[in-house]
Amino acid sequence: MKDLFKDLNEIQKQAVSTTEGPLMIIAGAGSGKTRVLTYRIAHLIEKGIDSFNILALTFTNKAAREMKERISSLIGGTEAKNLWMGTFHSVFARILRAEAHKLGFPSNFTIYDSQDSVNVIKKLISEMQLDSDIYKPKQVLGRISSYKNNLITVRAYFNNPELIEADQAAMKPKIGEIYKAYVERCFKSGAMDFDDLLLRTNELLTRFPEVLAKYQDRFRYIMVDEYQDTNHSQYLIVKALASRFENICVVGDDAQSIYAFRGANIRNILDFQKDYSDAKIIPLEQNYRSTQIIVEAANEVIAKNRDQLEKNVWTQNNEGDKIPLYRALSDADEANYVAAEIFNLKLTQQKRNKDFAILYRTNAQSRAIEEALRKKNIAYQVYGGLSFYQRKEIKDLLAYLRVLVNPRDQEALLRIINYPARGIGNTTLNKLIVGADQQDQSINEILENIELLGQAIGLNKPTIEKLANFWTMIKSFQVLLKTEDVYEVAMKVAITSGILKTLKEDDTPEGISRVENVQELMNSLQGFVDEQRQLEDGDPSLNYFLENIALASDLDNGNEEDDKVSLMTIHLAKGLEFPVVFIVGLEENLFPSQMSLNTRQELEEERRLFYVALTRAEKKAYFTYATTRFRWGKIVDGEPSRFLEEINNKHLEILNIEFKGSTKNRSGLDSDLFDGDFSPRYPKGPNPKYQNKQEPPRSPQNLKPISNAKLTHPVGGSLSDLKLGDHVLHDRFGKGIVKSIEGDPENAKALIDFENEGEKKLLLKFAKLKILN
DNA sequence: ACTGCTAATATTTTT
DNA sequence: TATTAGCAGT
């Protein structure tokens with residue numbers, strides 16, 4: 001235990017020690033927000049508040065994990081054990097599992113990701129014989145999502161003439177019908193989508209006062225991070241839970257609100273004082289992260305926004321380097337510049353790969369950069385984009401696992417019923433779907449009794465046979481699940497179902513990488529089982545594994561120890577910091593995005609996004625833009641982003657152009673603005689015409705990012721002579737010291753204090769520990 | 001019922 | 001441009 005207050009400045013101390021009553025902390029970029037939150041929780045626990053009574057909601061699972069670790073290393077011991085900390089989605093998914101039966105859901109309900117949702121909608125649209133050109137599944141889902149986030153249920157929708165008229169005016173009068181069918185289908189499948197996790201929580205808390213009372217009583221101290229990015233649904237949950245004790249602390253920065261597109265409502269933070277009239281407001285304005293130049297440049301840009309709270313972010317840090325601005329001839333040239341610069345800084349300033357981040361507006365921009373980094377042999381990690389768990393081969397295998405847990409999950413069932421091909425075609429499927437509908441049963445129930453019901457719904461003998469075989473196989477997996485661990489079952493599924501065999505038949509590079517991906521999934525299952533078993537309160541169930549991956553973000557999959565350059569969208573970079581940050585693609589119509597140029601609000605969100613990007617940098621930031629770029633398969637011309645002009649030139653180091661910052665004349669084909677004088681400091685990229693000819697074959701390493709679980713073998717042999725004070729090494733948690741050992745030799749547990757992860761109780765039987773002495 | 005081709009679609013951001 | 005879904009032919 002240490003003196004919590006000595007690491008804090010005066011204002012931070014106030015924020016930490018104000019524990020009672022509503023509190024809003026307006027935390028400017030880099031002002032030590034995470035530190036304040038962790039210290040505040042540690043302080044609460046030290047004061048004697050049971051960690052059981054504390055709820056902390058974060059924006060990513062990664063943030064939650066890191067904070068929890070920091071808290072336990074601050075206060076030591078296991079006092080923080082009962083602390084609930086996680087994203088809205090994961091915390092309330094857990095609560096919903098416990099209470100699901102009240103809402104008519106099974107407790108092992110499936111969580112649909114957006115892909116699943118779109119697929120369901122697509123099927124519904126075709127079942128309803130609607131034109132999918134008018135009802136674009138993605139758009140429809142977006143519409144439904146925004147209803148849900150604003151707590152407009154199906155019934156509320158049909159009671160609201162304005163909404164109906166709006167959809168009619170948009171020539172989409174059937175939206176309500178689709179919404180209704182979608183909700184019913186999800187319910188029937190025992191599934192919730194992302195928005196449901198919040199909407200159903202609201203339903204739970206309003207319909208069952210005793211449930212509300214229970215959680216109100218439990219969560220006496222509530223903290224919400226990134227409050228500026230909460231949506232209405234989240235806002236109502238927080239408000240309901242906090243209304244009894246009103247010990248609610250929200251932390252946020254209106255200047256960093258970047259999720260309006262998915263329903264985030266900046267009013268939540270702007271109106272906090274209206275909701276809690278005795279709320280205290282504490283502004284954290286001193287930036288500890290970035291150089292003066294970075295802070296000033298960021299302030300200059302954000303000042304152009306109209307909607308914001310008054311705030312003055314400042315720093316005592318060094319002035320730092322000016323921000324280089326590089327004008328590239330093409331996206332390839334831009335990428336080569338970035339790669340060359342990283343190469344140089346590594347040589348001249350002993351920087352490591354992981355000191356660098358390259359941030360872009362859209363995922364598609366990573367391609368060119370990846371190529372340039374590969375040419376220079378710089379290790380990198382791309383976050384986001386098509387995630388590992390969205391790959392087809394992975395989704396297929398996961399669909400099997402999902403059906404084992406929740407046989408009602410129709411989406412998963414239909415995905416695998418004829419994969420690998422087993423002669424169950426569309427005709428059969430249609431009969432099944434129609435039959436299930438007529439009998440008012442779900443498809444799995446039909447399959448359960450296929451021998452009896454098969455003929456009734458018009459199936460012939462051989463088909464019934466095939467379906468029965470399929471279902472017998474699924475049931476055998478379910479039996480296996482009772483005795484074997486998740487990894488064993490998944491392995492069995494992959495082999496018995498024929499998935500592995502089918503994939504292995506394809507020996508093209510893509511096919512090989514698919515097999516590797518499945519192997520990788522197996523590794524991560526193995527890792528999951530190992531890790532959960534080692535933890536005293538671990539949960540190695542398949543159900544928990546599936547929930548974890550459904551709610552995992554791509555950030556959760558990186559491996560901190562790897563020395564790699566990070567590539568990600570600016571959205572993903574929120575909350576992170578890096579010594580050197582490249583912000584690339586600073587062009588009009590790209591950043592700000594052309595989709596955002598219609599309204600002031602949208603443009604202001606882009607500007608906040610730029611602010612977030614720039615304030616990720618600690619020591620040095622770089623700007624680049626390209627005058628031509630490959631987009632939609634065409635070369636398009638680009639002009640420098642307006643955000644560049646909003647920065648005072650004295651903060652920029654303009655490399656290879658005459659850049660007239662404040663000029664308003666951006667219309668001329670920039671020949672008069674930027675003539676000649678390309679600095680020869682860096683080699684030019686290849687002529688865009690040729691750039692795809694040389695694409696090196698994608699090495700498999702780059703295709704399997706994700707799992708950090710490597711198949712490891714137990715080290716060190718017998719641990720029976722492990723004793724107090726021993727230094728040990730764990731392949732996941734790192735170095736630690738043995739604090740205590742308990743239990744009989746067969747099931748001995750050891751409490752180990754890890755240097756970086758805090759204390760953990762491990763089962764020696766499973767823990768792969770190496771004694772270091 | 002399966003295979004291979006054509007056509008459409010995508011590129012704003014994601015729990 | 002790159003991927004994928006849907007369709008038509010066998």
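Throughout, protein chains are lettered first and strands after them, A, B, ... in sequence-line order, and every chain is numbered starting at 1.
Heavy atoms of A/N418 sit under 4.0 angstrom from primed sugar atoms or phosphate atoms, though from no base atom. Using a 4.0 Å heavy-atom criterion, one finds that A/Y259 contacts the sugar-phosphate atoms exclusively. No contact: A/S596 has no heavy atom under 4.0 Å from any strand. Counting any heavy atom pair closer than 4.0 Å across all strands shown, A/K138 reaches sugar-phosphate atoms only and no base atom.
One finds no side-chain N or O of A/N363 lying less than 4.0 angstrom from the OP1 or OP2 phosphate oxygen of B/dA10. The side chain of A/T60 contributes no N or O atom lying less than 4.0 Å from OP1 or OP2 of B/dT15.
Aromatic stacking of A/F59 on B/dT15: not satisfied for centres closer than 5.5 Å together with planes under 30 degrees.
Between the CE atom of A/M568 and the C1' atom of B/dT12 there is a distance of 17 Å, given to the nearest Å. In this structure, A/K122 places its NZ atom 9 Å from C1' of C/dT4, rounding to the nearest Å. Rounded to an integer number of Å, the gap from A/N589 CG to B/dT12 P is 11 Å. The distance between atom CZ of A/R367 and atom P of B/dT11, rounded to the nearest whole Å, is 12 Å. Atom CG of A/L572 and atom C1' of B/dT13 are 9 Å apart (whole Å). The distance from atom CD of A/E547 to atom P of B/dT15 is 15 Å, rounded to the nearest whole Å. Between the CG atom of A/L141 and the C1' atom of B/dT15 there is a distance of 13 Å, given to the nearest Å. Computed from coordinates, the A/Q601 CD to B/dT13 P distance equals 22 Å when rounded to whole Å.
At least one cation-pi condition fails for A/R200 and A/F105: the charged atom is not both under 6.0 angstrom from the six-membered ring centre and inside a 45 degree cone around its axis.
Side-chain contact check for A/R267 versus A/Y235: every heavy-atom pair is 4.5 Å or farther apart. Looking at A/V612 and A/R608, their side chains never come closer than 4.5 Å, going by heavy atoms from C-beta outward.
Between A/H571 and A/F261, the gap from one ring centroid to the other is short of 6.0 Å. Ring pair A/F610/A/F623: centre-to-centre distance below 6.0 Å.
Of the listed nucleotides (B/dT14, C/dT1, B/dT12), B/dT12 has the atom at the smallest distance from the side chain of A/S593.
Where A/T428 and A/M595 each meet DNA chain B at their nearest nucleotide, the meeting point lying more 5' is that of A/T428.
B/dT12 and C/dA5 have their C1' atoms separated by 23 Å, with the value rounded to a whole Å.
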